There are 2 protein chains.
Amino acid sequence: MKVVFVMEDNKLTVRAVERALDIMLCFTESTELTLTEIASRVDLHKSTVHRLLASLEGKGFIMRDAATDKYRLGYRLWELSANLSQEGDPGIILLPEMERLRDLLGETISLYVQDGLERIRIQAVQSNHAIRRVAPVGARMPLYVGASSKVLVAFAEPAVQQQLLASADWPTGLDQQAFLQQLGDTKRAGFATSVEEREPGAAAVSAPIIDRGGRLVAALAVSGPANRLTLELMQEQAPLIMEAARRMGTMLR
Amino acid sequence: MKVVFVMEDNKLTVRAVERALDIMLCFTESTELTLTEIASRVDLHKSTVHRLLASLEGKGFIMRDAATDKYRLGYRLWELSANLSQEGDPGIILLPEMERLRDLLGETISLYVQDGLERIRIQAVQSNHAIRRVAPVGARMPLYVGASSKVLVAFAEPAVQQQLLASADWPTGLDQQAFLQQLGDTKRAGFATSVEEREPGAAAVSAPIIDRGGRLVAALAVSGPANRLTLELMQEQAPLIMEAARRMGTMLR
DNA sequence: TAACTGGGTTTCATATAGTGAAACTATTTG
DNA sequence: CAAATAGTTTCACTATATGAAACCCAGTTA
């Protein structure tokens with residue numbers, strides 16, 4: 001037995017690079033930014049930011065808008081995006097299955113994976129009605145609200161789960177108890193539901209997609225307006241959704 | 001008057017960052033790479049690459065495949081991709097127009113922009129027949145072959161054009177003369193054609209898209225197999241394509 | 001079971017290379 | 001025309017990134 005205390009600054013990492021990447025991340029909020037805006041966001045000197053931007057620009061990761069002269073993301077990201085989803089990626093392989101499920105249930109189907117302390121939406125097919133504006137593919141959400149969060153944590157490998165729950169910036173306070181409770185329920189039932197947890201007026205059911213090696217790959221989620229997707233309806237549909245998720249899992253790896 | 005000799009090493013740039021970005025660019029060729037593979041590609045020591053990868057991984061730009069444990073692009077790129085094409089980007093705005101043109105001509109329509117010494121394909125709608133495998137959106141091609149290259153250089157702002165032509169790694173040799181010749185033709189005619197320049201068996205016509213400020217924004221291209229898209233046919237269709245490009249230009253900025 | 005390979009990770013001494021302050025342009029605004 | 005704002009360059013300092021070498025695993029092979 002070995003107890004490990006993960007202390008704070010395990011830094012075997014390159015500061016300049018991290019700073020440059022932080023700069024790129026500024027562009028998840030705004031499309032166009034001026035140097036000084038960036039400098040204040042990442043809290044660095046103009047000159048430092050300028051140098052980092054020059055490096056990013058030189059490699060095409062950042063470019064300057066021809067008209068406004070502001071900085072924006074560069075075309076290199078298009079190039080990388082193109083190679084992101086290769087054949088073999090769940091998001092591609094499962095798309096047809098997801099469409100089939102959408103046609104069956106008539107609601108929006110999404111695929112979520114866990115990344116750090118967040119979950120991100122890697123694939124989606126829109127409901128036919130498509131009433132509400134939904135988060136785009138690529139969007140990040142916290143890992144402690146929503147049906148698919150529960151699934152991702154509940155079915156994570158024990159080691160990973162420990163790490164997630166022990167993590168520092170996990171939300172403290174009352175709801176943590178409730179969340180742990182729900183994790184148990186989720187594991188037992190094989191699926192999770194959420195009603196207006198993340199977004200008011202929205203509800204979702206989610207089930208784990210587990211590959212042939214027994215690894216949790218993603219959470220499949222059916223979501224829609226809470227008045228259509230009532231708790232009863234979701235529980236009624238759960239077996240169907242779990243079965244779909246199981247079938248999807250067999251298609252992987 | 002001021003003559004500027006741009007000498008070689010104008011480096012006001014951060015080496016570590018450039019190296020990290022080079023590492024990311026390795027993943028345009030392969031989806032999965034091992035540390036040592038990367039190290040040899042970018043010609044750096046294992047330990048250096050390891051540290052850079054740690055930084056990239058920490059920020060989510062690189063991740064390790066759960067199964068193979070190899071390195072691959074991280075989910076942060078999904079996130080950035082989602083914010084790449086905002087409302088207001090030519091690739092989005094012009095899409096419906098491009099589809100209309102595709103339906104009219106029945107061939108693949110693409111949008112290219114110039115980036116450094118390359119041109120990149122930022123948007124495309126496939127021909128209905130879709131016989132041949134075409135480069136994906138995001139693909140980069142040299143700036144000295146193909147119809148849209150001629151358009152992008154010919155209609156570039158004079159200063160930019162000078163820079164491009166004077167640039168060091170521009171291909172030397174015979175074709176340079178021919179290319180300059182063709183630039184003149186292109187500017188005069190208002191469009192360019194190419195037959196089997198870049199890819200054997202492929203042909204294309206291209207016209208400039210110029211925004212209301214008079215700025216060259218992109219090159220619109222119609223491409224298809226050379227036996228269907230003969231030189232005569234392309235010249236016949238040129239006015240139509242130029243008109244479409246002009247209309248698209250008026251929709252911008 | 002020992003020696004060997006091929007991945008990844010960590011340590012460490014060294015000087016290179018990144019840093020922020022400040023000076024300097026260029027462009028806008030009052 | 002002064003004042004302000006945004007971007008760029010220079011420079012001295014030492015913090016920080018670097019590569020060599022050592023180390024740690026799993027698998028293979030002998």
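Quick caveat: nothing in here was measured; it's all calculated off a predicted structure.
Contact between the side-chain N/O atoms of A:Thr34 and the OP1/OP2 oxygens of D:dG7 is found at a separation under 4.0 Å.
The salt bridge (Lys or Arg N to Asp or Glu O under 4.0 Å) pairs that include a residue from residues 135-159 of chain A are A:Asp115-A:Arg140, A:Glu118-A:Arg140, A:Arg140-B:Glu79, A:Lys150-A:Glu197, where partners are two or more places apart or lie in different chains. Listed by first and then second residue, the salt bridge (Lys or Arg N to Asp or Glu O under 4.0 Å) pairs involving residues 46-57 of chain B amount to none (not counting sequence neighbours).
Every residue two or more places apart in sequence or in another chain that forms a side-chain hydrogen bond (donor to acceptor under 3.5 Å, both in side chains) with A:Ser148 is listed here: A:Arg119. In this structure, the side-chain contact (heavy atoms from CB on, under 4.5 Å) partners of B:Arg19, at least two apart in sequence or on a different chain, are B:Arg15, B:Leu44, B:Thr48, B:Leu52. Residues passing the side-chain contact (heavy atoms from CB on, under 4.5 Å) test with A:Ala39 are A:Val49, sequence neighbours excluded. The side-chain hydrogen bond (donor to acceptor under 3.5 Å, both in side chains) check on A:Ser40 picks up nothing, with sequence neighbours excluded. Residues meeting the side-chain contact (heavy atoms from CB on, under 4.5 Å) test with B:Asp22, sequence neighbours left out: A:Lys59, B:Leu25, B:Val42. Applying the side-chain contact (heavy atoms from CB on, under 4.5 Å) criterion to A:Gln161, with sequence neighbours excluded, gives A:Val153, A:Ala156, A:Leu165, A:Leu183. Among residues two or more places apart in sequence or in another chain, the side-chain hydrogen bond (donor to acceptor under 3.5 Å, both in side chains) test is passed with B:Tyr112 by none.
Only B:Arg51, listed by number, bring a heavy atom of residues 49-62 of chain B to less than 4.0 angstrom from any atom of DNA chain D. Sorted by residue number, the members of residues 15-23 of chain A with any non-hydrogen atom under 4.0 Å from DNA chain C read A:Arg15, A:Ala16, A:Arg19.
One axis for each end of the helix from C:dT1-D:dA30 to C:dA15-D:dT16, each built from five base pairs, and the angle between them comes to 10° at 10° resolution.
What separates NZ of B:Lys46 from C1' of C:dG6 is a distance of 8 Å, to the nearest Å. B:Leu44 has its CG atom 15 Å from the C1' atom of C:dA17, to the nearest Å. Put simply, CG on A:Asp69 is 10 Å from P on C:dT28, counting in whole angstrom units. Here the P atom of nucleotide C:dT10 and the CG atom of A:Leu12 are 5 Å apart, to the nearest Å. One can place CG of B:Leu35 at 19 Å from P of D:dC24, the figure rounded to the nearest angstrom. Here the P atom of nucleotide C:dG7 and the CD atom of B:Glu32 are 14 Å apart, to the nearest Å. Atoms CG (B:Asp65) and C1' (C:dG7) sit 16 Å apart, rounded to a whole Å.
When the C1' atom is compared between D:dT14 and C:dA13, the two are found 16 Å apart, to the nearest whole Å. Comparing C:dA15 with D:dA12, their C1' atoms sit 16 Å apart, to the nearest whole Å.
When each of A:Ser47 and B:Leu33 is assigned the nucleotide of DNA chain C bearing its nearest heavy atom, the one mapping closer to the 5' terminus is B:Leu33.
If you check D:dG7, D:dT18, C:dG8 against the side chain of A:Arg64, the one that comes closest is D:dG7.
Of the possible donor and acceptor atoms, one in the side chain of A:Ser55 sits under 3.5 Å from a partner among the backbone N and O of B:Val14.
Using a 4.5 Å heavy-atom cutoff, the side chains of B:Trp78 and B:Leu73 are not in contact.
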Requested in this report: Check the pair B:Glu97 / B:Ile209 against side-chain contact (heavy atoms from CB on, under 4.5 Å), numbers first and verdict last.
Outcome: CA-CA 12 Å; B:Glu97 280 296 313; B:Ile209 297 183; over 6 Å; no

